[in-house]
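Both ligands and their constituent atoms are indexed starting at 1 by order of listing. This one's a predicted model, so the numbers in the text were calculated from it and none came from an experiment.
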Amino acid sequence: MSTPSSLAPTVTLGNGVAMPRLGLGTWPMDDAQAARVVARALDMGYRLIDTAENYRNERGVGEGLRASGVPREQVFVTTKFNKQWHSVEGVQQACDASLQRLGLDYVDLLLVHWPNPDQDRYVEAFQGMVRLLEAGKVRAIGTSNFKHAHLQRLFDLGLVPHVNQIHLDPYHGRSDVVQVHRERGIVTESWSPLGRAGALLQEPAILAAAERHGRTAAQVVLRWHTQQGYVPIPKSADPLRLQQNLDSFGFTLSDEEMAAISALDRVDPAMLDSDVFGH
Ligand code: A2P
């Protein structure tokens with residue numbers, strides 16, 4: 001294990017647990033790639049690793065974690081479970097199975113991966129996670145891809161997730177759900193924060209800011225997330241891009257730059273709709 005050049009700062013969740021403000025997304029890595037990339041990322045200074053039952057790479061993530069030599073308690077590991085486990089008992093089984101695949105005795109954050117409202121059991125799933133929290137098998141609990149209406153069902157029972165991980169980038173500003181997070185003290189975690197490195201990274205507003213700050217377009221987009229308090233989890237399997245993504249703190253976008261990037265928000269008919277899509 002080498003001495004990392006930089007570590008991401010942390011945000012404090014509603015229950016006092018510290019979560020790094022940037023992490024590594026691992027979809028669509030397989031076990032072998034996840035093992036290599038996770039070990040490398042931890043060596044660089046990443047301290048948040050995001051996986052899921054559905055990614056089928058939890059074994060690789062656990063392997064990379066052990067190979068890195070970074071002490072377990074210094075790493076924030078997130079996983080998520082599929083809809084077949086949406087019951088109080090099912091969630092205990094899902095968590096045990098994830099822990100076994102990861103080779104860990106707790107995870108830092110467990111998420112309901114998709115609400116699957118047609119099945120209508122995500123409230124029970126959340127109640128199952130409350131038990132896991134009490135049992136010390138997870139340090140924090142949250143949701144993923146929940147819209148306001150899904151979160152409201154939890155709020156009505158006095159339940160508040162620590163984190164809601166959603167598809168969010170400058171093209172998908174998600175201001176409606178982010179506002180709800182702000183009101184309830186829920187940390188917003190952004191998946192595909194770089195827009196999968198497509199047209200977004202060629203946007204003039206982003207390239208102009210990159211030029212002014214002597215940064216890459218991806219670093220500007222990640223800073224747009226972190227300046228708003230979002231926790232982005234960019235996926236990269238490339239050593240240089242991994243390092244650049246981690247090194248995206250240490251400069252400040254002006255209000256004008258932030259506004260110009262936020263103005264890229266648009267309706268995307270192809271965006272996955274969590275009232276319809278889920279697994
Ligand atoms: P690679 O793994 O070859 O780096 P997102 O997290 O928004 O879904 O984006 C993931 C995609 O973006 C991957 O294809 C990844 O490819 C690419 N990517 C990750 N970091 C960067 C970066 N700093 N610059 C350009 N592309 C990146």
Which atom pairs, nitrogen or oxygen on both sides, join ligand 1 and the protein at under 3.5 angstrom?
unit_1: ligand 1; atom_1: 2 (O); unit_2: Lys235; atom_2: NZ; d: 2.8
unit_1: ligand 1; atom_1: 2 (O); unit_2: Ala237; atom_2: N; d: 2.8
unit_1: ligand 1; atom_1: 3 (O); unit_2: Arg241; atom_2: NH2; d: 2.7
unit_1: ligand 1; atom_1: 4 (O); unit_2: Ser236; atom_2: OG; d: 2.6
unit_1: ligand 1; atom_1: 4 (O); unit_2: Arg241; atom_2: NE; d: 2.6
unit_1: ligand 1; atom_1: 4 (O); unit_2: Arg241; atom_2: NH2; d: 3.4
unit_1: ligand 1; atom_1: 6 (O); unit_2: Lys235; atom_2: N; d: 3.0
unit_1: ligand 1; atom_1: 7 (O); unit_2: Pro193; atom_2: N; d: 3.4
unit_1: ligand 1; atom_1: 7 (O); unit_2: Leu194; atom_2: N; d: 2.9
unit_1: ligand 1; atom_1: 7 (O); unit_2: Gly195; atom_2: N; d: 3.4
unit_1: ligand 1; atom_1: 7 (O); unit_2: Arg196; atom_2: N; d: 3.0
unit_1: ligand 1; atom_1: 8 (O); unit_2: Ser192; atom_2: OG; d: 2.8
unit_1: ligand 1; atom_1: 20 (N); unit_2: Asn245; atom_2: ND2; d: 3.0
unit_1: ligand 1; atom_1: 23 (N); unit_2: Asn245; atom_2: OD1; d: 2.8

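For the pair Tyr46 and Leu242, the tightest heavy-atom approach, listed with the atom from each and the gap, is OH-O, 2.6 Å.
Residues Ser98 and Glu58 bring a donor and an acceptor atom of their side chains to less than 3.5 Å of each other.
Taking the side chain to side chain contact (heavy atoms under 4.5 Å, CB included) definition, one finds that Gln152 meets it with His148, Phe155, Asp156, Arg184, sequence neighbours left out.
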N/O donor to acceptor pairs below 3.5 angstrom from side-chain atoms of residues 260-268, sequence neighbours left out:
unit_1: Ser262; atom_1: OG; unit_2: Trp224; atom_2: NE1; d: 3.0
unit_1: Ser262; atom_1: OG; unit_2: Met258; atom_2: O; d: 3.0
unit_1: Asp265; atom_1: OD1; unit_2: Gly173; atom_2: N; d: 2.9
unit_1: Arg266; atom_1: NE; unit_2: Leu264; atom_2: O; d: 3.1
unit_1: Asp268; atom_1: OD1; unit_2: Ala270; atom_2: N; d: 2.8
unit_1: Asp268; atom_1: OD1; unit_2: Met271; atom_2: N; d: 3.4
unit_1: Asp268; atom_1: OD2; unit_2: His172; atom_2: NE2; d: 2.7

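Checking side-chain atoms of Ser144 against main-chain N and O of Gln165 turns up a donor-acceptor pair under 3.5 Å.
Among residue pairs with one or both ends in residues 26-41, those qualifying as side-chain hydrogen bond (donor to acceptor under 3.5 Å, both in side chains) are Thr26-Asn57; sequence neighbours excluded.
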